[in-house]
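Keep in mind that this is a model prediction, so the values were computed, not measured.
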Amino acid sequence: MSIDTYADLKTEVQADLARTDLAARIQRWVSQAEKLIFRGGVFEGRRVSGLRTREMEKINATLTATGGKFAVPSDYISPLELRLASDLSITQKYLPSEQLFKQENETYTDGTGYYSEIASEIYVRPSPADATAFWLRYVHSPAALTETTQETNAIFPLYSDLYFEATLWKAFEYVRNYEAASRKLQTVVAMIDGYNRERISERQGEAALVIAPYMAA
């Protein structure tokens, strides 16, 4: 059976568990699985990266700075690039916050600046004029799956295999089959790594890397 909706996912999880009495727990397992899929974390002593595919990329071109900062979008996970909305050729470069504020007293003249994330806001320095608009490309958190009201999202059912394995990981933990849960977690980590490598390959293309000869100044 193909997994195209939340209802399909629920059916297949119950079939693999051979338990139909745990249907009420599946929403919780799916939510826990999404935390790993979207954001990664530390599991069984190892750092796991979140899924990073083109479907998780998003653009907001109407972020307006006030006092040199603006709030990140509600579905924001991490930045990819920040540009001046009025001139997309002008990029704001990332700096850690301890370096960013060294630009505090400089002048934001040609639109070129630096940015850093602090809490739920992005700070730009030198500080631009209020109402300066920015174009942000970022990794977003897809809508959480819920039965009947959110049967699909930006990455599901495209990555339904990942959802299935990650949900079973939490399901096996719940029924205290820790060996099976550990195997599922290993499968999930391998799948995320594989999909992330595919995305890197897509970005780099398939052309052979050409190394230029060393040139003396």
Pair R46, E44 - check salt bridge (charged side-chain N to carboxylate O under 4.0 Å, His left out), show working.
CA-CA 6 Å; R46 64 175 295 183; E44 294 188 357; over 6 Å; no

For a side chain to side chain contact (heavy atoms under 4.5 Å, CB included) check, start with the C-alpha distance between Y108 and V124, then their side-chain angles and the critical distance, and finish with the verdict.
CA-CA 10 Å; Y108 193 79; V124 179; 4.1 Å; yes

Could you go step by step and tell me if T62 and N60 meet the side-chain hydrogen bond (donor to acceptor under 3.5 Å, both in side chains) rule?
CA-CA 6 Å; T62 58; N60 188 320; 3.1 Å; yes

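A heavy-atom distance below 4.5 Å is found between the side chains of I26 and Q14. Side-chain contact between I122 and L136 is present, with heavy atoms from C-beta onward closer than 4.5 Å. Side chains of T11 and D8 form no contact here, defined as non-hydrogen atoms less than 4.5 Å apart. Taking the side chain as every heavy atom from C-beta outward, P157 and T5 never approach each other to under 4.5 Å.
Here E57 does not pair with R54 in a salt bridge; the nearest charged N to carboxylate O distance is not below 4.0 Å.
A search for side chain to side chain donor-acceptor pair (under 3.5 Å) contacts involving Y115 returns nothing, not counting sequence neighbours. F172 pairs by the ring-ring contact (aromatic ring centres under 6.0 Å, His included) definition with nothing, not counting sequence neighbours. Residues meeting the side chain to side chain donor-acceptor pair (under 3.5 Å) test with T107, sequence neighbours left out: none. Residues that satisfy the salt bridge (Lys or Arg N to Asp or Glu O under 4.0 Å) test with K35, not counting sequence neighbours, are absent from this structure.
Proximity of a side-chain donor or acceptor of E151 to a complementary backbone N or O of Y6 within less than 3.5 Å is detected.
Taking CG from L9 and OG from S160, the interatomic distance works out to 8.0 Å, rounded to the nearest 0.5 Å. For the atom pair CD1 of I3 and NZ of K10, the computed distance is 14.5 Å after rounding to the nearest 0.5 Å. Atom CG of L158 sits about 10.0 Å away from atom CG of N153, to the nearest 0.5 Å. Here the CD atom belonging to E12 is positioned 11.5 Å from the CG atom belonging to L17, to the nearest 0.5 angstrom. Atom CD1 of I59 is separated from atom CZ of R83 by 10.0 Å, given to the nearest 0.5 angstrom. Interatomic distance, CG of L145 versus OH of Y163, reported as 4.0 Å (0.5 Å rounding).
F70 and W135 end up in different hydrophobic clusters when Ile, Leu, Val, Met, Phe, Trp and Tyr side chains are linked at under 4.5 Å. In the hydrophobic cluster analysis, where Ile, Leu, Val, Met, Phe, Trp and Tyr join through side-chain heavy atoms closer than 4.5 angstrom, V139 is grouped apart from L82. Cluster annotation: V189 and L51 are assigned to the same hydrophobic cluster (Ile/Leu/Val/Met/Phe/Trp/Tyr, side-chain heavy-atom contacts under 4.5 Å, transitive). Using a 4.5 Å cut-off between side-chain heavy atoms of Ile, Leu, Val, Met, Phe, Trp and Tyr, with links allowed through other members, L80 and Y195 fall into the same hydrophobic cluster. Using a 4.5 Å cut-off between side-chain heavy atoms of Ile, Leu, Val, Met, Phe, Trp and Tyr, with links allowed through other members, V13 and L22 fall into the same hydrophobic cluster.
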Atom pairs and distances, side-chain donor-acceptor, residues 94-104, under 3.5 Å, sequence neighbours left out:
from: E104; atom 1: OE1; to: R125; atom 2: NE; distance (Å): 3.0
from: E104; atom 1: OE2; to: R125; atom 2: NE; distance (Å): 3.3

Distance-only criterion, 3.5 Å: show the donor-acceptor pairs between side-chain atoms of residues 71-79 and protein atoms not counting sequence neighbours.
from: D75; atom 1: OD1; to: Y138; atom 2: OH; distance (Å): 2.8
from: D75; atom 1: OD2; to: K58; atom 2: NZ; distance (Å): 2.6
from: Y76; atom 1: OH; to: E117; atom 2: OE1; distance (Å): 2.3

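In R28, the CZ atom is not crowded: 12 or fewer heavy atoms of neighbouring residues, nucleotides or ligands sit closer than 6.0 Å. For N105, the CG atom is loosely surrounded, since the number of other residues' heavy atoms within 6.0 Å does not exceed 12.
Minimum heavy-atom separation, F38 to I155: CE2-CD1, 3.6 Å. Here the closest non-hydrogen pair linking T132 and A129 is OG1-O, 2.6 Å. Summarising the geometry of F134 relative to A65, their closest heavy-atom pair is CE1-CB, 3.8 Å, with the distance given to 0.1 Å. Between A181 and E173, the shortest heavy-atom distance links the atoms CB-CG, 3.6 Å. Smallest separation of non-hydrogen atoms from G111 and Q92: O-NE2, 2.7 Å. Scanning both residues, A143 and E34, for their nearest heavy atoms gives O-OE2, 4.1 Å.
Between Y174 and W169, the ring centre distance reaches or exceeds 6.0 Å.
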